[in-house]
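First up is the structure itself, then whatever we jot down about it.
Quantities reported herein were computed from a predicted structural model and do not represent experimental measurements.
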Amino acid sequence: MVVRARTFRISLSVVCFFLSALAISGQNSSQTTSITSACKLVSNQYTCNLASFQQTLGNAKTAAIQTGPVDPAAQSQLTTLIDELKLSSPAPGEPADITFLLVPVDPQSVEFSTGDTQIAALHVFARGSGAGRGDLVWAEQFIGPEDLPWPIVVNRLILQFRTRFHIPQAPKKK
């Protein structure tokens, strides 16, 4: 595993931001505390509690998506996923029960022995007691060759998530 200094500093600052947000939100309620402990960062990798996430996903009624400002591939596929999970959009001004965040990862950050790198991440946040996305309850990463086109990366990452949680894909409309 090769980690470059610039990328390490950026990754460290992002991790510190997430950890401080989790620590602050975890002080407000016992429910938040149990959700906050759903994911832990160990050796630059998130390890999440599968049972906790499945419970959170099962209890969710509304969902929101967050992607890059101009990312039609991610927006379209996440919208389809949310529809297939039978989740609705929250009422205007209301927070969603869960938020799906799909983002590219700096391909220079972590290289695996196969020559592949982590190039995308799908993070799922549960509504917290404060403002913002909420508490991280699941982190899915996509590892592959850096030269894959972004729409293919998005497709494979969401397929990986569907497969892990046995979410069937709705038949395509003709």
Side-chain angles (χ1 to χ4, degrees), residues 14-41 45-105 118-143 150-174:
V14 169
V15 168
C16 289
F17 171 77
F18 278 117
L19 290 177
S20 65
L22 290 174
I24 291 169
S25 66
Q27 297 172 356
N28 296 330
S29 74
S30 61
Q31 180 183 8
T32 303
T33 302
S34 66
I35 290 174
T36 301
S37 63
C39 290
K40 296 185 183 333
L41 186 63
Q45 297 274 336
Y46 281 107
T47 303
C48 299
N49 182 316
L50 178 65
S52 176
F53 173 66
Q54 288 176 318
Q55 180 181 9
T56 301
L57 185 61
N59 292 335
K61 303 288 183 240
T62 61
I65 61 171
Q66 293 183 351
T67 63
V70 182
D71 192 349
Q75 291 171 358
S76 171
Q77 291 193 43
L78 284 174
T79 300
T80 301
L81 176 65
I82 287 170
D83 290 345
E84 291 167 353
L85 289 169
K86 300 191 180 0
L87 299 171
S88 60
S89 295
E94 292 292 319
D97 294 333
I98 57 175
T99 301
F100 290 85
L101 171 68
L102 196 151
V103 293
V105 175
Q118 180 182 352
I119 52 179
L122 174 63
H123 290 176
V124 183
F125 297 87
R127 179 177 12 184
S129 57
R133 290 187 186 114
D135 302 313
L136 182 65
V137 292
W138 191 257
E140 189 85 26
Q141 65 179 0
F142 180 75
I143 297 167
W150 180 246
I152 292 173
V153 170
V154 169
N155 181 276
R156 288 186 182 175
L157 178 57
I158 292 179
L159 178 62
Q160 179 180 306
F161 179 82
R162 285 177 188 283
T163 303
R164 182 181 312 276
F165 294 105
H166 308 288
I167 302 167
Q169 190 166 2
K172 293 185 179 180
K173 298 176 185 176
K174 294 182 179 184

Point-to-point distance, once rounded to the nearest 0.5 Å, from OG1 of Thr47 to NZ of Lys40: 9.5 Å
Could you pull out the closest heavy-atom pair between Val124 and Phe53, with the gap in Å? CG1-CE1, 3.6 Å
Go through the steps to decide whether Leu78 and Thr67 satisfy the test side-chain contact (heavy atoms from CB on, under 4.5 Å), and finish with yes or no. CA-CA 9 Å; Leu78 284 174; Thr67 63; 3.7 Å; yes
Could you report the tightest heavy-atom contact between Ile98 and Ala126, atom names first, then the distance? CG2-CA, 4.3 Å
Are Asp71 and Trp150 close enough that a side-chain donor and a side-chain acceptor fall under 3.5 Å? yes
Minimal heavy-atom distance between Glu140 and Phe165, with the atoms involved, is OE1-CE1, 4.4 Å
Quick check: does any side chain N or O of Thr62 sit under 3.5 Å from a backbone N or O of Asp97, one acting as donor and the other as acceptor? yes
Any chance you could measure Leu87, atom CG, to Thr79, atom OG1, to the nearest 0.5 Å? 12.0 Å
Please report the C-alpha distance between Trp138 and Phe100 in whole Å, then the side-chain angles of each, then the deciding distance to 0.1 Å, and finally whether the ring pair (Phe, Tyr, Trp, His ring centres under 6.0 Å) criterion is met. CA-CA 9 Å; Trp138 191 257; Phe100 290 85; over 10 Å; no
Find out whether Ile167 and Leu85 are in side-chain contact, i.e. whether some heavy atom of one side chain is under 4.5 Å from a heavy atom of the other. yes
Does the ring centre of His123 sit less than 6.0 Å away from the ring centre of Tyr46? yes
Answer yes or no: is there a donor N or O on one side and an acceptor on the other, between the side chain of Gln160 and the main chain of Gln141, under 3.5 Å? yes
Given side chains that start at C-beta, do those of Gln45 and Leu41 come closer than 4.5 Å, heavy atoms only? no
Candidate pair Arg127 and Arg133, rule side-chain contact (heavy atoms from CB on, under 4.5 Å), full reasoning: CA-CA 7 Å; Arg127 179 177 12 184; Arg133 290 187 186 114; over 6 Å; no
What's the separation between atom CG in Leu159 and atom CD1 in Ile152, rounded to the nearest 0.5 Å? 12.5 Å
Ser88 side, atom OG; Ile82 side, atom CD1 - distance, nearest 0.5 Å: 10.0 Å
Could you measure the distance from the CD1 atom of Ile65 to the CD atom of Gln77? Nearest 0.5 Å is fine. 11.0 Å
Distance (rounded to the nearest 0.5 Å) between Asp135 CG and Cys39 SG: 10.0 Å
Which heavy atom of Arg162 sits nearest to which heavy atom of Thr80, and what is that distance? NH2-CG2, 4.2 Å
When every non-hydrogen atom of Ala96 is compared with those of Ala64, the smallest separation belongs to CB-N, 3.6 Å
Considering only heavy atoms from C-beta outward, does the side chain of Leu122 approach that of Phe142 to under 4.5 Å? no
Give me the atom names and distance for the closest heavy-atom approach of Ala120 to Leu157. CB-CD2, 3.9 Å
Is there a donor-acceptor contact under 3.5 Å from the side chain of Asn155 to the main chain of Pro151? no
